[in-house]
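In each ligand, atom 1 is the first atom listed, and ligand 1 is the first ligand listed.
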Amino acid sequence: MKKQTDKNAVREIKSVKIVGSFISDHFGELWDKSLNDLIKEAVFGVLKNVSKDGDFDPKEIEAVYIANMASGIFNNQLHLNAVVSELFEHFPPSIRVEGACASGSLAMITAQDALNSGRYKTVMVLGVEKMTDFNSNEATKVLSSASDYNFEYGSTFPALYALLAKAHMHKYGTTREQLSAVSVKNHAHALTNSKAHFNKLFTLEQVSQSSMVADPLRLLDCSPVSDGSSAVILSTKDSGKLLDGKTVNYKNKPKIIGMGHAQDFLSLANRKSLTSLNATIKAAKDAFKQAGLTSKDIEVAEVHDCFTIAEILAIEDLGFFKKGTGGQATLDGQTTFGGKVLINPSGGLKACGHPVGATGVKQVAYLAELLENGIKVKTDRSKKIMNFKYALAHNVGGSGATVVVHILEK
Ligand code: COA
């Protein structure tokens, strides 16, 4: 196997284009949609989004990768690779990938590996989770199966991230107000995103005084339990076919130029540090090396903010801010429009929502759309479009045992 630093490997990864992207309309409590509806919506939605001139020819899709964490429990439906494949007349080969909250990005890298090996030239990657038919207690129990069953039995994800928050506050003096600033900013960003679970502004005080979930994390520090799906079409070709036989050119489609995937102990008790996610540091290092970039080149990132402390850890471990300064940087406006680096313009998991299996694919789909179209920002007097050249997606499984980082170029 070639090393990730091998020049050829870099070249091959650079040639993977994101030729279509889709995020379900919208994330949230979707009472009227089943798991199968969300899968269908993503498949047919992404086929529509490849070109303005017509629908993409489904026969171009040589394989489908579907990410999902827990449909066997939430929806009593397993074998999702068969569920998705039968939506195509030609029944493409299909694989389901599971890695807790990182299922989506793991499906992405599984698909990229198949493309880079030359096995396929065009594939679809899809993420889905339908969680809200369970109440929060039941959903919490299902989600906790992504922690270490032997060492962390009985703990919940808010409780595990609360331990990380306490450690960070103790070591670096991170404050309640700084945690709240992450939530305030991401809820504000979600107002620019019509697909977000929440479309409501909160103040620092409202976040700091929302009901306690696991000390110090409160309701408005947590990402919600959401339903949703997302999809991308990846290709190593220069063009593809629409249903009416027309050709669609991929010249201007965003590219994936770097990826990193790293693992750490599942249980917090075994980790070297509680104030960094080492898997983030490692995955980012590989992704930046492949892309030939550093964190200074990244203008926009979707990072895994399942809890407010998770965003602070991410922006430090990805190298955007010095260790221990992520909270203050957020409070100072360095991670919003006009700041040093725009973090979670979609609203992140906190406010756009977190349908677990869909999240990693959604981050890439959202950033691909951002690179293609820019984002409309209101200034004091007018609206302007902000454009970006490089973007980063950071997806975490559980409390940091699995991390995937992708770097995209316009
Ligand atoms: N952020 C903002 N508002 C939220 C919210 C969240 N995370 N979760 C729920 N709400 C809102 C609901 O919309 C509802 O508002 P309304 O009264 O205006 O309709 C209200 O809060 C109560 O909702 P409810 O569903 O009863 O909340 P809950 O107390 O049962 O659940 C949490 C809240 C925080 C426990 C739940 O969202 C949760 O478990 N989040 C973490 C999910 C998780 O661990 N994911 C994996 C990460 S690794």
Subject >> Non-hydrogen protein atom less than 4.0 angstrom from atom 20 (C) of ligand 1 >> reply: no

**OP:** Measure from atom 31 (O) of ligand 1 to the protein's non-hydrogen atoms and state whether any distance is below 4.0 Å.
**Re:** yes

Original post:
Is it true that H197 and H187 have ring centroids separated by less than 6.0 Å?
Top reply: no

Original post:
Quick one: do the S346 and N193 side chains pair a donor with an acceptor below 3.5 Å?
Top reply: no

**OP:** Take atom 17 (O) of ligand 1 and look for protein heavy atoms under 4.0 Å from it; say yes if you find one, no if not.
**Re:** no

Subject >> Identity and separation of the nearest protein heavy atom to atom 39 (O) of ligand 1 >> reply: T140 OG1, 4.0 Å

Original post:
So, H168 versus E316: side-chain donor-acceptor pair below 3.5 Å or not?
Top reply: yes

**OP:** Check whether any N or O atom of S223, backbone or side chain, sits under 3.5 Å from an N or O atom of ligand 1, and answer yes or no.
**Re:** yes

Original post:
Among side-chain atoms of S144 and T156, is any donor-acceptor pair under 3.5 angstrom?
Top reply: no

**OP:** Please work out which of the three classes, parallel, tilted or perpendicular, describes the rings of Y250 and F56, given edges at 30° and 60°.
**Re:** tilted

Original post:
Does V184 have any side-chain contact (heavy atoms from CB on, under 4.5 Å) partners at least two apart in sequence or in another chain, and if so, which?
Top reply: L204, V207

Subject >> Protein non-hydrogen atom below 4.0 angstrom of atom 44 (O) of ligand 1 present >> reply: yes

Subject >> Option of least heavy-atom distance to atom 24 (P) of ligand 1 (set: S136, S147, S144, A100) >> reply: S136

**OP:** Provide, to 0.1 Å, the distance between atom 1 (N) of ligand 1 and the closest protein heavy atom, together with that atom's residue and name.
**Re:** K350 NZ, 2.9 Å

Subject >> Sub-4.0 Å protein heavy atom next to atom 47 (C) of ligand 1 >> reply: yes

Subject >> Side chain, backbone, both or neither: L349 near ligand 1, heavy atoms under 4.0 Å >> reply: neither

Original post:
Is there at least one pair of N or O atoms, one from H187 and one from ligand 1, spaced under 3.5 Å apart?
Top reply: no

**OP:** Pick one of side chain, backbone, both or neither for how C101 approaches ligand 1, counting any non-hydrogen atom pair under 4.0 Å.
**Re:** side chain

**OP:** Would you confirm whether any non-hydrogen atom of the protein falls under 4.0 Å from atom 4 (C) of ligand 1?
**Re:** yes

Subject >> Heavy atom of protein closer than 4.0 angstrom to atom 35 (C) of ligand 1 >> reply: no

Original post:
How far is atom 13 (O) of ligand 1 from its nearest protein heavy atom, and which residue and atom name does that atom have?
Top reply: F198 CE2, 3.8 Å

Original post:
Distance only, no hydrogens: is a donor on one side chain within 3.5 Å (strictly under) of an acceptor on the other, for N137 and T140?
Top reply: no

Subject >> Contact atoms of ligand 1, heavy-atom distance to F307 under 4.0 Å >> reply: 44 (O), 47 (C)

Subject >> Reference residue L234; test side chain to side chain contact (heavy atoms under 4.5 Å, CB included); the match among I256, V364, V19 >> reply: I256

Original post:
For ligand 1, is there an N or O atom under 3.5 Å from any N or O atom of Y161?
Top reply: no

Original post:
CG/N36 to CD/E86 distance, rounded to the nearest 0.5 angstrom?
Top reply: 8.0 Å

Original post:
Heavy-atom distance to atom 9 (C) of ligand 1: which of V213, L219, N186 wins?
Top reply: L219

Original post:
Looking at K362 and E302, does any basic side-chain N land under 4.0 Å from a carboxylate oxygen?
Top reply: yes

**OP:** Report yes if C222 has an N/O atom closer than 3.5 Å to an N/O atom of ligand 1; otherwise report no.
**Re:** yes

Identify each donor-acceptor pair in which a side-chain atom of residues 97-106 lies under 3.5 Å from a protein atom, sequence neighbours left out, and give them as a table.
residue : atom : partner : partner atom : Å
E98     : OE2  : A100    : N            : 2.7
S103    : OG   : G99     : N            : 2.9
S103    : OG   : A100    : N            : 3.4
S103    : OG   : A100    : O            : 2.5
S105    : OG   : A102    : O            : 3.2
S105    : OG   : N395    : OD1          : 2.7

**OP:** Using modelled atom types only, decide if a donor and an acceptor are shared between the side chain of Q363 and the backbone of A393 within a distance under 3.5 Å.
**Re:** no

**OP:** Measure the distances from the heavy atoms of E29 to every atom of ligand 1 and state whether one is below 4.0 angstrom.
**Re:** no

